[in-house]
2 protein chains.
Amino acid sequence: MDCEARKFAWFEPGSADELLSQRQVYRNSQSIYEPGEYLFAEGDVHPMAYTLKEGWAICYKQLLDGQRQVVHVALPGDFLGYQTDFSERIDYSVMAVTECKFCGFTPAGIESLLEKDLSLIKRLMEIQNKQNKSCKRTLSVVGQAQAKSKVAYFLADLVERLERRGLDIEETLAFPLSREDIADAIGITPVHLSRVSVELSNAHVVECRHNKLKVMDIPALQHLAEAVF
Amino acid sequence: MDCEARKFAWFEPGSADELLSQRQVYRNSQSIYEPGEYLFAEGDVHPMAYTLKEGWAICYKQLLDGQRQVVHVALPGDFLGYQTDFSERIDYSVMAVTECKFCGFTPAGIESLLEKDLSLIKRLMEIQNKQNKSCKRTLSVVGQAQAKSKVAYFLADLVERLERRGLDIEETLAFPLSREDIADAIGITPVHLSRVSVELSNAHVVECRHNKLKVMDIPALQHLAEAVF
DNA sequence: CGAGGACTTGATCGTATTCAATATTAGTGG
DNA sequence: CCACTAATATTGAATACGATCAAGTCCTCG
């Protein structure tokens, strides 16, 4: 995991929390997933939580008719799969977009970490709180905005998150999401996304092609996004 | 608050938690809001959290252009306004739809409760987790479904929540939301909502008029909703 | 009974979808 | 390294779902 991303992680072995390390917590916990592979799927009873250490992954839900909604694009440092009650079915799927490295935590491991350091509970609450806010914000844009604003919001949000992870957003960035991934995240079709992308490109706001992303006008992008940043 | 709703509340004075009661926590904490009045508004620094004890309220966000997205319809027992960091601005507004009675908690009050009973932290996490799941589910429907499914989802979800609060959903239920409230919750216009309502009514699925709700065919309603219930 | 607001209905328009064809990229084996 | 193929993305044309504008109707409340 990029060192900048550590501050987003819930618990990072090898950092200042080192003294808390316990063998059991990390046993079998580091794992690699290839593009297209699943960490877990919606409906699974899956008593593990994960920190994404490297790579990009998408979290999504499916309607009964098969329609897919991407509810989160996971970046290094993101904490996934946590549930207060791990005997419940998980409510979303996680699929690797690029090669991903995850660090897994068992419920027992989490329990023992929490007992040793009460501040980790606060941290866990903060993470939930942030995810909550982010989801409401996305819902607002998906529910109310026009296609162009939705695209702008999606890209502006991702760019902001990448910047906080230490990337220079003035540069051309690696961007592994497909048209369909993006479209499913904002509730439009890939075909229409393509048309909107051309508009944004012609307006010299942002260019997003061939798995590369180049932001040309950040203020314009954020303004189009309609959301409060 | 209806006694059935207590099990949804985070902390209910007068219940088994009674011994925890502290004067400071409840000072000035019971308050009544008339329809249209605000508990707090998006952007406020508002260091209080609340349990809704009686009435209906809507939680919403606004885009920069003024568009409104209702992110939650609050019913008795719901816990609102909690933030891990109360110095941050709150990310949504809460407006009373009917006359509402709220029970308020100060950050200091919450802190002292948590210190006395660690299980309350678990409870708080559960609440956050539930809100999270609910938001993702709503996002999926708002992002992917057709208008008719959106309406069905919205009503099916509310009916389920009312039922868990002890109401008999076979009966005609009080339903104080306006067309606009519903429309803003699912991302369609009130005009179109009106047309869809007629369809659902003609199909003998659900009737929702004059602040009354009558579900005629629950299975059909849930099937239309497309979401996993 | 009258006035104002909320809701419904009708007609038209526009954004985004769908279907289909083309173009581009990435992947594979010669 | 270059065909050849499959997958992904773009473009075009037609359609449709939902939005908008406007008129009319139905409740509610004074």
Side-chain angles (χ1 to χ4, degrees), chain A residues 34-36 58 63 65-70 95 97-99 141-155 172 174-202 206-214 224 226, chain B residues 34-36 58 63 65-69 97-99 141-155 172 174-202 206-214 224 226:
Chain A
E34 295 300 317
I58 52 173
L63 301 191
D65 66 1
Q67 289 272 85
R68 183 179 79 151
Q69 173 70 40
V70 171
M95 190 181 85
V97 172
T98 65
E99 182 180 289
V141 173
V142 170
Q144 303 298 328
Q146 304 241 100
K148 201 195 278 188
S149 289
K150 291 186 185 183
V151 176
Y153 166 76
F154 180 80
L155 295 178
T172 298
F175 193 80
L177 301 177
S178 71
R179 278 343 205 193
E180 201 175 355
D181 292 334
I182 303 172
D184 286 347
I186 57 183
I188 64 173
T189 56
V191 175
H192 197 237
L193 171 61
S194 189
R195 298 187 217 279
V196 173
S197 298
V198 171
E199 282 186 65
L200 290 174
S201 176
N202 288 343
V206 64
E207 209 144 322
C208 162
R209 300 169 62 131
H210 319 315
N211 294 333
K212 295 262 172 293
L213 177 72
K214 177 86 200 319
L224 275 171
E226 290 284 1
Chain B
E34 296 301 317
I58 52 173
L63 301 191
D65 66 1
Q67 289 273 84
R68 184 179 77 149
Q69 173 70 40
V97 172
T98 65
E99 183 179 288
V141 173
V142 170
Q144 303 299 327
Q146 303 242 99
K148 200 196 276 190
S149 289
K150 291 186 185 183
V151 176
Y153 165 77
F154 180 80
L155 295 177
T172 297
F175 193 81
L177 302 177
S178 72
R179 283 327 206 201
E180 201 174 354
D181 292 334
I182 304 172
D184 286 347
I186 57 182
I188 64 174
T189 57
V191 176
H192 197 237
L193 172 61
S194 187
R195 298 188 218 278
V196 173
S197 298
V198 171
E199 281 186 66
L200 290 174
S201 176
N202 288 343
V206 65
E207 209 145 319
C208 162
R209 301 170 62 130
H210 320 315
N211 293 336
K212 295 264 174 290
L213 176 72
K214 177 85 193 343
L224 274 172
E226 291 283 2

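Every chain is numbered from 1 and lettered A, B, ... according to where its sequence line falls, protein lines coming before strand lines.
A donor-acceptor pair is defined here as one N or O able to donate and one able to accept, closer than 3.5 Å; such a pair exists between the side chain of B:D181 and the backbone of B:S178. Put simply, the side chain of A:Q144 never gets that close to the backbone of B:Q67: no donor and acceptor are under 3.5 Å apart. Judged purely by atom type and a 3.5 angstrom limit, A:Q69 uses its side chain to pair as donor or acceptor with the backbone of A:A185. At distances below 3.5 Å, at least one donor-acceptor pair connects side-chain atoms of A:S197 with backbone N or O atoms of A:L193. Remark: the backbone N or O of A:L224 is paired with a side-chain donor or acceptor of A:S149 at under 3.5 angstrom. Side-chain atoms of A:S194 never come within 3.5 Å of backbone atoms of A:P190 as a donor-acceptor pair (strictly under, hydrogens ignored). Under the 3.5 Å distance criterion, the side-chain polar atoms of B:E207 are left unmatched by any main-chain donor or acceptor of B:K214.
B:V151 has its side chain within reach of B:I188: a pair of non-hydrogen atoms, C-beta onward, lies under 4.5 Å apart. Side chains of A:R68 and A:I58 form a contact here, defined as non-hydrogen atoms less than 4.5 Å apart.
Look at CD on A:E207: it is 15 Å from P on D:dA9, rounded to the nearest Å. Computed from coordinates, the B:E180 CD to C:dT8 C1' distance equals 15 Å when rounded to whole Å. Following rounding to the nearest Å, B:E199 (CD) and C:dT9 (P) show an atom-to-atom distance of 12 Å. Taking atom CG of B:L177 as the reference point, atom P of C:dA6 lies 14 Å away to the nearest angstrom. Across the protein-nucleic acid pair, B:K150 atom NZ and D:dC17 atom C1' stand 11 Å apart, rounded to whole Å. A straight line from CZ of B:R179 to P of D:dT25 spans 19 Å, rounded to a whole angstrom. Note: CD1 (A:I182) to C1' (D:dA9) measures 11 Å, nearest angstrom. Counting to the nearest Å, the C1' atom of C:dA6 and the CZ atom of B:F175 are 15 Å from each other.
Taking CG from B:L155 and CG from B:L213, the interatomic distance works out to 6.0 Å, rounded to the nearest 0.5 Å. From B:E226, atom CD reaches atom CD of B:Q146 across 9.0 Å, with rounding to the nearest 0.5 Å.
Contacts between residues 141-149 of chain A and DNA chain C, counted as heavy-atom distances below 4.0 Å, involve A:Q146, A:A147.
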Fill in the blank from the handout: Nucleotide by nucleotide, nucleotides 17-27 of chain C touches protein heavy atoms under 4.0 Å in the pattern (B base, S sugar-phosphate only, - none) BB------S--
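Between its opening and closing five pairs, the helix from C:dC1-D:dG30 to C:dG30-D:dC1 changes axis direction by 40°, a value rounded to 10 degrees.
If you check every strand for non-hydrogen atoms under 4.0 Å, B:S178 touches sugar and phosphate atoms only.
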